[in-house]
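Treat the numbers as computed from the prediction; the structure is a model and nothing was measured. Lettering of chains follows the sequences in order, A, B, ..., and the numbering in each one begins at 1.
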Amino acid sequence: MSEVVFDRIVKTYQRNSIRALDDVSFSADRGSLFGLIGPDGAGKTSIFRILATLTLPDRGQARVSGWDVVKDYSKIRQVVGYMPGRFSLYPDLSVGENLSFFAALFNTTVQANYDLIKDIYRQIEPFKKRRAGALSGGMKQKLALCCALIHRPSILFLDEPTTGVDAVSRKEFWQTLGNLRKQGITILVSTPYMDEAARCENIALIQNGKILSINTPQKIAGEFPETLFAVRSNNMSGLLRDLRGMSGIGSCYTFGEFHHITFRQGIENPQKWLVGELESKHHHEIEFMQVQPTIEDCFIRLMKKDE
Amino acid sequence: MNSRTVIRTKNLTKRFGSFVAVNHISFEVSAGEIFGFLGANGAGKTTAMRMLCGLSRPTEGEAEIAGFDVYRQQEKIKKNIGYMSQKFSLYEDLTVYENIRFFGGIYGLRPRALKEKSKALISRLGLENESNKLVRSLPLGWKQKLAFSVAVIHDPGIVFLDEPTGGVDPITRRQFWDLIYEAAGRGITVFVSTHYMDEAEYFNRLSIMVDGEIAALDSPSALKQKYHAASMDEVFFELARRAVRQSDEP
């Protein structure tokens with residue numbers, strides 16, 4: 001059963017001059033963790049704003065929990081929790097006051113729903129009396145998540161909750177999301193970090209208002225149509241330049257401590273050919289291996305294809 | 001790479017009341033080096049960077065940036081460094097040309113030099129047809145490249161980049177690193193903070209701050225060896241999880 005349905009949505013801004021969403025469709029099942037993966041400006045925030053009934057689509061239909069985002073907006077607002085990308089709590093209210101305020105807006109109390117936020121709120125409780133505006137980035141995000149959860153929504157929209165958050169806190173945040181899912185909450189989350197895609201059941205890769213691909217992370221990675229290799233040597237910047245100059249190399253880009261490459265078709269024994277070429281260009285300590293494509297590899301390939 | 005030292009700190013410390021945000025950090029960075037400045041949120045990176053940029057006065061310790069003292073020569077420091085952050089880089093409602101003029105002026109370029117530099121910069125980035133367009137209308141990738149070029153328009157000795165690639169698509173992120181390498185090749189020291197651990201592999205050397213102190217400082221390969229880690233992600237995780245202080249003190 002689809003909890004969130006986005007059907008051929010078009011959204012433009014500034015008298016049609018900016019096409020933020022261009023015929024975008026996807027759906028997320030009840031109780032699932034669905035990821036919108038794409039860089040800034042891809043259209044992720046527009047998707048959330050339409051689903052949260054804060055802006056109207058130009059064309060197409062969207063439904064949340066069976067309700068239409070245009071006709072039934074007040075019903076939808078009762079059942080969703082929305083955490084915008086930009087910090088949107090009251091900076092001059094304290095941590096505790098913000099939480100009570102959002103509970104009151106939904107006619108409930110912090111006590112009534114404390115079990116749902118307990119694990120997250122415990123981490124910020126020592127700063128309960130501090131003004132929200134004076135919290136650090138990570139703490140603000142935790143408070144914002146608590147406020148989005150305090151009316152016990154059945155669907156959670158999280159717009160880039162981990163942007164600007166360090167690698168350790170990001171891991172913790174995703175564990176928290178996993179726990180919320182176990183409580184039956186449907187979660188739609190966006191991120192520009194490709195490595196977080198693997199944490200979702202289903203993902204949509206988005207760029208320039210268009211969906212490049214939708215599937216499970218495993219299937220998207222599995223659909224990478226070429227064989228991908230990783231290579232490194234004693235001189236990584238020289239290696240990148242040399243690889244880009246070789247006619248037998250299809251694509252080549254940095255990837256952490258390796259460069260990732262694909263070969264053009266028609267090269268027999270690519271490893272032998274490549275190592276020979278690189279040795280003739282005075283590379284040493286050459287390492288070469290086949291690797292499994294990641295979501296980032298897929299994204300790069302789809303972006304190039306789209307151009 | 002020549003070995004002239006352009007950043008030198010000794011026991012640099014910043015306290016806010018009883019809270020020690022940056023605790024006696026000592027390190028040196030050489031000209032032309034690409035130096036990574038990593039740490040978890042709240043580890044003290046921003047406070048340290050603000051002191052290095054001449055924006056915040058240290059509580060104690062010494063630091064010399066591009067040959068200038070952080071206590072007595074803060075204005076000289078500001079003229080001799082470039083700064084770019086992900087959050088604030090360009091004015092969206094000024095045109096490309098106006099942004100270049102504005103920041104060039106702020107960095108103290110004289111009108112004639114500014115005119116020449118603007119022209120060269122626009123042609124190098126291939127933005128001739130866009131120079132009178134609002135920055136708002138540019139794709140993010142171009143904005144980032146423009147922001148970086150503006151940050152080094154006055155040929156500073158050092159450029160500080162505070163999470164320059166956050167939220168950027170994977171291709172633009174890589175193109176941005178080409179610019180970093182190019183600047184380093186011209187002798188500009190590049191001082192970068194990032195949350196992308198794959199980028200940690202691209203630094204000549206990097207430091208990782210934990211609880212206000214520099215917990216590790218070396219080349220990526222030496223750090224991986226030391227911590228028996230396969231990737232910089234593992235090194236970072238190993239160090240950052242040792243943090244005991246909360247990112248906010250009650």
List the atom pairs, with distances to 0.1 Å, where a side-chain N or O of residues 126-136 of chain B and a protein N or O form a donor-acceptor pair under 3.5 Å, not counting sequence neighbours.
none

Review point. What are the residues of residues 193-200 of chain B, in order of number, with any heavy atom under 4.5 angstrom from a heavy atom of chain A?
Key: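 Under the 4.5 Å heavy-atom cut-off, B:H195, B:Y196, B:M197, B:D198 qualify.
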Would you be so kind as to tabulate the donor-acceptor pairs closer than 3.5 Å made by side chains of residues 233-242 of chain B, with sequence neighbours excluded?
| residue | atom | partner | partner atom | Å |
| --- | --- | --- | --- | --- |
| B:E234 | OE1 | B:A230 | N | 3.1 |
| B:E238 | OE1 | B:R241 | NH2 | 3.4 |
| B:E238 | OE2 | B:R242 | NH2 | 3.2 |

Practice item. Check whether more than 12 heavy atoms from other residues, nucleotides or ligands sit under 6.0 Å from atom OH of B:Y181, and answer yes or no. Key: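 Yes - once you tally the heavy atoms of other residues, nucleotides and ligands closer than 6.0 Å, there are more than 12.
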**Study point:** Heavy atoms from other residues, nucleotides or ligands near CD of B:E182 exceed 12 (cutoff 6.0 Å)
**Key:**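 Check passes, neighbour count above 12.
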Point to revise | Under 4.5 Å from any heavy atom of chain B - which part of A:E160 | key: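 Neither the backbone nor the side chain of A:E160 comes within 4.5 Å of chain B.
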**Study point:** Part of A:K171 within contact of chain B (heavy atom distance under 4.5 Å)
**Key:**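 Side chain of A:K171 only, per the 4.5 Å heavy-atom cut-off to chain B.
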Check your understanding: Is a side-chain donor or acceptor of A:D166 paired with a backbone partner of B:N41 at a separation under 3.5 angstrom?
Key ->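 At least one qualifying donor-acceptor pair exists.
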Check your understanding: Is the closest basic N to carboxylate O distance between A:R232 and B:E201 below 4.0 Å?
Key ->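 Judged by the 4.0 Å cut-off on N to carboxylate O distance, A:R232 and B:E201 do not form a salt bridge.
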Check your understanding: Is there side-chain contact between B:P220 and A:E257, with at least one heavy-atom pair below 4.5 Å?
Key ->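 A side-chain contact under 4.5 Å is absent here.
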Review point. With side chains defined as the heavy atoms from C-beta onward, is the minimum distance between A:E296 and B:R173 less than 4.5 Å?
Key: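 Sidechains of B:R173 and A:E296: in contact.
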Check your understanding: Do you know the tightest heavy-atom contact between A:P192 and B:G167?
Key ->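 For A:P192 versus B:G167, the nearest heavy atoms are CB-CA, 3.7 Å.
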Exercise for review: Might you work through the side chain to side chain contact (heavy atoms under 4.5 Å, CB included) test for A:T254 and B:Y202, ending with a clear yes or no?
Suggested key: CA-CA 9 Å; A:T254 56; B:Y202 309 152; 3.2 Å; yes
Point to revise | A:S94: side-chain contact (heavy atoms from CB on, under 4.5 Å) partners, not counting sequence neighbours | key: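 In terms of side-chain contact (heavy atoms from CB on, under 4.5 Å), with neighbours along the sequence ignored, A:S94 is linked to A:E97.
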Exercise for review: Select, from A:S169, A:G41, A:A167, the one with the greatest count of heavy-atom pairs under 4.5 Å involving chain B.
Suggested key: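 Option with the greatest count: A:A167.
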Exercise for review: Nearest 0.5 Å please: distance from the CG atom of B:D169 over to the CZ atom of A:F299.
Suggested key: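 Separation between the atoms: 6.5 Å.
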